[in-house]
Peer 1: 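Sharing a structure below in C-alpha cells format, with a few things to ask.
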Protein chains: 2
Amino acid sequence: MMANSLTVNAYDSHLQATGRPSPGITEPDLPPMTDRPTSDHINEIHHSGLKATAPRIKILRVFQESSQRHWSAEDVYRKLLEDHAEIGLATTYRVLLQFVQAGLLSRTYIEAGKAIFELNEGRHHDHLVCVRCGRVEEFCDPEIEARQQRVAEQFGFELKDHALSLYGVCSSPACRRGGR
Amino acid sequence: MMANSLTVNAYDSHLQATGRPSPGITEPDLPPMTDRPTSDHINEIHHSGLKATAPRIKILRVFQESSQRHWSAEDVYRKLLEDHAEIGLATTYRVLLQFVQAGLLSRTYIEAGKAIFELNEGRHHDHLVCVRCGRVEEFCDPEIEARQQRVAEQFGFELKDHALSLYGVCSSPACRRGGR
DNA sequence: TTTGTTGCAAATTATTTGCAGCGGG
DNA sequence: CCCGCTGCAAATAATTTGCAACAAA
C-alpha cells in the first residue's frame, strides 16, 4: 500500500503490453476460424517455446473457438470453469501473459484498471466502446496513426506504442434511448 | 476475487473520469500559478459545493503550488506526509475524486491501472510519455480529435470521450542511449 | 531425469467503504 | 447544533508470487 516510485517509471507495463506492432489496415473483418484440431494448437504453442500443456491448449482454444473476441482474465477463467477444465485463476493469468509475450494474444486496457485479451492477428487496431452496452468495435485509422507519429516527432520522441480508446453510445435503440 | 460482469459493462468509470471536455488548443504552456493566498483556495472549494476543510485546502495547494503537474494519489499522499499535514490516504482518495467531479482536477490513466491527477485548466489534451524516464508531455492535435469524431460516426456511435496516450523514448541523451 | 508448469494460498497494488467521532457553517 | 467530513481499519478488485507436487520433452 505504497512503496516505490514518485510519478516516474513503471510505464514499462506498456512496453510488453501489446503484441508485435504492425502497419495499419483499415477494417478488421473477424474471420470465424472455428474448431481447429488440437495438433495445430500444440504447434502454435511449441513455436512460442512453451510446453504444450493442457491448460495452455484449452486457453488458446477459448480464443480460437468462440465468436467472442475480447476476454478479461476473469472471463477466460469462468469459461474454463463452465467447460470443467480444472485450471486455476493464477494459471490463467500466467498463461495469458505468456501468450501475450509470445505474440499469440494482445492485451489492451479498454476500461481503467482491467486488461482485455484478444487473438493477435497481426493487424494493429484501436477500440471504440459503447459506454451503455459494452459493445466493442475495432478500427484503425491511418490518419490518426500518422498524426501520432508527427506529434511524437515534434516533441523529439521516438514513438514506441500508443493506447487509444474511444467511448460513445452505439446505434442500438436501447443505448440511444439509454437512461443511466 | 471474481463476482460480476462478463466483459460487458463498467466502462462507466470513463464517463466520470475526466473533468469537463473542451475544444482543442494546440500547445499547453503551463503557467506557474504559484503560492496563491488560501482565501482563494477556500472560494474555489466552496464554489464546488464542498466545505473548505484543511485536507481539501492542502490538497488543492499541492497541485497549485508545485511545478509538478501529474500526481498519483500516492504521490499526493506522500507529499502531504512530508509537509506534516495529518491526512489519511483514504481522505486523499476521497478528496481527489470530489475535485475531479467538481471539475477542479482531471483524472487520466497514463499507465495501466493507475490514476494520474492534474489541475483541470479547461484545455483538453492527451499525453506523450517517455517509457524510460517517465517524463510526460501534453499535446492536443485537432486533426486526431476530428478523425476520432469521424471514426465514431462511421460506426454510428455518438462520441462521448476518449483516452489517448503515446509511449516513446524522449530526446534526453540518457533515454536515447537507454538500456532499459 | 530435468526443467518447466500447475494449483493453491498468501501477498501486492490501487482504490473504496464502514463507522464512530470531530468540526465547519 | 447538525450534517458533512475525517481517520483508521477492514474490504474490494485485479493481478502476482512462493512453493511443493507434477508432468512434458
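Just so it is clear, the values below take in all heavy atoms, side chains as well, and ignore hydrogens, waters and symmetry mates. Chain letters run A, B, ... following the sequence lines, proteins first, then strands; residues in each count from 1.
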Peer 1: Once you round it to whole Å, what is the distance between P of D:dT6 and CG of B:Leu96?
Peer 2: 12 Å
Peer 1: Report the distance from atom CD1 of B:Ile87 to atom C1' of C:dC22, rounded to the nearest whole Å.
Peer 2: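 These atoms are roughly 15 Å apart.
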Peer 1: Side chains of B:Ile45 and B:Ile57, heavy atoms from C-beta outward: is any pair under 4.5 Å?
Peer 2: yes
Peer 1: Hey, does the side-chain of A:Arg94 have a donor or acceptor N/O within less than 3.5 Å of a partner on the base of D:dG18?
Peer 2: yes
Peer 1: Identify which nucleotide among D:dT6, C:dG25, C:dT15 has an atom closest to any side-chain atom of B:His46, counting heavy atoms from C-beta outward.
Peer 2: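 Output: C:dG25.
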Peer 1: What is the distance from CD of B:Glu86 to C1' of C:dC22, rounded to the nearest Å?
Peer 2: 15 Å
Peer 1: So what does B:Ala52 touch, heavy atoms closer than 4.0 Å: a base, only the sugar-phosphate, or nothing?
Peer 2: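 B:Ala52: backbone/sugar contact only, no base atoms under 4.0 Å.
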Peer 1: Regarding B:Arg150 and A:Glu143, does a basic nitrogen lie under 4.0 Å from an acidic carboxylate oxygen?
Peer 2: no
Peer 1: Consider the side chain of B:Tyr93, meaning its heavy atoms from C-beta on, and name the nucleotide among D:dC5, C:dT16, D:dT17 that approaches it most closely.
Peer 2: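 Output: C:dT16.
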Peer 1: Measure the shortest side-chain to side-chain distance between A:Leu166 and B:Val151 over non-hydrogen atoms and say whether it is less than 4.5 angstrom.
Peer 2: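 A:Leu166 vs B:Val151: side chains touch.
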Peer 1: Atom CG of B:Asp75 and atom P of C:dA14: how far apart are they, to the nearest Å?
Peer 2: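 Atom-to-atom, B:Asp75 to C:dA14, this comes out as 10 Å.
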Peer 1: What nucleic acid atoms does B:Thr91 come within less than 4.0 Å of, heavy atoms only: base, sugar-phosphate, or nothing?
Peer 2: base
Peer 1: Identify which nucleotide among C:dT17, D:dA14, C:dT6 has an atom closest to any side-chain atom of A:Pro55, counting heavy atoms from C-beta outward.
Peer 2: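 The listed nucleotide nearest to A:Pro55's side chain is C:dT6.
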Peer 1: Would you kindly give the CD-to-P distance between A:Glu74 and D:dT15, to the nearest whole Å?
Peer 2: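 The distance from CD of A:Glu74 to P of D:dT15 comes to 9 Å, rounded to the nearest Å.
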Peer 1: Using a 3.5 Å distance criterion without hydrogens, assess whether the side chain of A:His125 forms a donor-acceptor pair with backbone atoms of A:Arg123.
Peer 2: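 Side chain of A:His125 to backbone of A:Arg123: a pair is present.
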Peer 1: Hey, which sits more toward the 5' end of DNA chain C by its nearest nucleotide, A:Gly88 or B:Gly113?
Peer 2: A:Gly88
Peer 1: Whole angstroms only, please: what is the CD-P distance between B:Gln101 and C:dT16?
Peer 2: 10 Å
Peer 1: Could you tell me whether the phosphate oxygens of D:dT6, OP1 or OP2, come under 4.0 Å of any side-chain nitrogen or oxygen in B:Thr53?
Peer 2: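 True: B:Thr53 side-chain N/O within range (under 4.0 Å) of D:dT6 OP1/OP2.
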Peer 1: Among D:dT15, D:dA23, C:dG25, which nucleotide has an atom closest to any side-chain atom of A:Lys51?
Peer 2: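 Comparing D:dT15, D:dA23, C:dG25 against the side chain of A:Lys51, the answer is D:dA23.
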Peer 1: Starting from P on D:dA24, measure out to CZ on A:Arg56 and report it in whole angstrom.
Peer 2: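 So the two atoms are 11 Å apart, to the nearest Å.
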Peer 1: Does the side chain of A:Glu138 reach to within under 4.5 Å of the side chain of A:Asp126, using non-hydrogen atoms?
Peer 2: no
Peer 1: B:Ala115 or B:Leu50: which one's nearest nucleotide on DNA chain C is closer to the 5' end?
Peer 2: B:Ala115
Peer 1: For A:Leu89 and D:dT16, give me the distance from atom CG to atom P, rounded to whole Å.
Peer 2: 10 Å
